[in-house]
Amino acid sequence: MGKSTKRIMAEKQQAFKPLVYICAPYRGDTEKHIHNAIRYANFAYQKGNLPITPHVLFPFLDEEKHREDAMAMDIIMLGKCQEVWVFGNRITDGMKEELIVAKRRRQPIRYFNEECESVDEDSVWE
């Protein structure tokens, strides 16, 4: 392998950022949950990842009218990600749907509390 090929491969390696799906509560206090989701996305970004945060991708959708469409789009995006990062102290119904799909696809799942500290899976399931 030539020097230029090694250099190009090293540059590509540095440019690679894994896609991480941000799985966190949305319903209820949506303003607070969107704010938290952005904070979680920044955390994932600071760790060298490219966060996919559905909370901020579909502001044109009405949560009540377009819930099924939003969940379908979330599941499609979830499938594009290398990992799923779960944030918060509880699993909502929407998050549960996403995690069932992620587990079926055998995607790596990591769990964090609201302070972005790594926690065990058992600590977030009610």
Side-chain angles (χ1 to χ4, degrees):
M1 182 180 321
K3 286 183 180 179
S4 61
T5 302
K6 284 182 181 178
R7 182 182 52 80
I8 290 169
M9 289 181 70
E11 288 173 2
K12 285 186 177 185
Q13 192 80 14
Q14 288 176 345
F16 177 75
K17 292 184 183 293
L19 288 174
V20 169
Y21 187 89
I22 304 300
C23 182
Y26 180 78
R27 273 190 169 172
D29 188 349
T30 54
E31 190 172 319
K32 174 186 168 191
H33 293 158
I34 290 171
H35 174 79
N36 283 341
I38 292 169
R39 188 167 53 84
Y40 303 148
N42 184 46
F43 171 74
Y45 172 76
Q46 296 300 325
K47 296 292 183 186
N49 300 287
L50 198 165
I52 301 298
T53 313
H55 303 68
V56 295
L57 293 178
F58 309 119
F60 52 90
L61 294 178
D62 180 280
E63 170 66 13
E64 297 306 319
K65 289 182 185 174
H66 304 107
R67 174 86 177 152
E68 284 186 36
D69 288 344
M71 284 304 299
M73 290 189 279
D74 290 352
I75 296 301
I76 291 169
M77 289 187 302
L78 176 75
K80 309 291 184 196
C81 295
Q82 280 77 41
E83 290 188 17
V84 178
W85 287 15
V86 181
F87 290 90
N89 300 325
R90 65 184 176 91
I91 302 295
T92 65
D93 290 341
M95 293 167 69
K96 187 183 293 183
E97 283 185 52
E98 294 166 337
L99 292 172
I100 288 170
V101 171
K103 286 180 179 182
R104 191 173 56 231
R105 292 176 176 164
R106 299 179 186 199
Q107 292 176 274
I109 301 171
R110 296 179 63 188
Y111 294 87
F112 300 90
N113 62 20
E114 290 181 347
E115 289 75 38
C116 300
E117 298 166 333
S118 184
V119 296
D120 292 333
E121 177 181 355
D122 295 339
S123 67
V124 294
W125 289 93
E126 294 178 353

Is the side chain of Q107 donor-acceptor paired with the backbone N or O of V84 at a distance under 3.5 Å, no angle test?
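Such a contact is absent between Q107 side chain and V84 backbone.
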Report, as yes or no, whether the 6.0 Å neighbourhood of atom [atom1] on [X] holds more than 12 heavy atoms from other residues, nucleotides or ligands.
X: D120; atom1: CG; value: no
X: E31; atom1: CD; value: no
X: E11; atom1: CD; value: yes
X: F58; atom1: CZ; value: yes

Return the minimal non-hydrogen interatomic distance between [X] and [Y], and the atom names on each side.
X: M71; Y: G94; result: CE-O, 3.5 Å
X: P54; Y: M77; result: CB-CE, 3.9 Å
X: L78; Y: A102; result: CD2-N, 4.1 Å
X: P51; Y: A44; result: CB-CB, 4.1 Å
X: R67; Y: R27; result: CD-NH2, 3.3 Å
X: K80; Y: L19; result: O-CD1, 3.3 Å

Decide yes or no for [X] and [Y]: does some side-chain heavy atom of the first lie under 4.5 Å from some side-chain heavy atom of the second?
X: M95; Y: V86; answer: yes
X: I52; Y: L57; answer: yes
X: L99; Y: Y111; answer: yes
X: Y26; Y: I34; answer: yes
X: R105; Y: I75; answer: yes
X: R110; Y: V20; answer: no

Would you say the side-chain atoms of Y21 and E98 include a donor-acceptor pair closer than 3.5 Å? yes
Item to complete: Would you tell me whether R39 and N36 have side-chain atoms, one donor and one acceptor, within less than 3.5 Å of each other?
Response: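 Side chains of R39 and N36: pair found under 3.5 Å.
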Measuring from [X]:[atom1] to [Y]:[atom2], what's the distance to the nearest 0.5 Å?
X: R90; Y: K96; atom1: CZ; atom2: NZ; answer: 11.5 Å
X: K103; Y: E121; atom1: NZ; atom2: CD; answer: 3.5 Å
X: H55; Y: H33; atom1: NE2; atom2: NE2; answer: 8.0 Å
X: F43; Y: I22; atom1: CZ; atom2: CD1; answer: 9.0 Å
X: D69; Y: D74; atom1: CG; atom2: CG; answer: 10.5 Å
X: E83; Y: C23; atom1: CD; atom2: SG; answer: 13.5 Å

Do the side chains of F60 and V56 join up, straight or via other hydrophobic residues, at under 4.5 Å, putting them in one cluster? no
ask   = When clusters are formed by joining ILVMFWY residues with side-chain heavy atoms under 4.5 Å apart, either directly or through shared neighbours, do M73 and L50 land in the same one?
value =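 As far as the 4.5 Å side-chain criterion goes, L50 and M73 are connected within one cluster.
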Q.
Before you tell me yes or no, could you show the steps for W85 and Y40 under ring pair (Phe, Tyr, Trp, His ring centres under 6.0 Å), namely the whole-Å CA-CA distance, both residues' side-chain angles and the distance that decides it to 0.1 Å?
A. CA-CA 9 Å; W85 287 15; Y40 303 148; over 10 Å; no
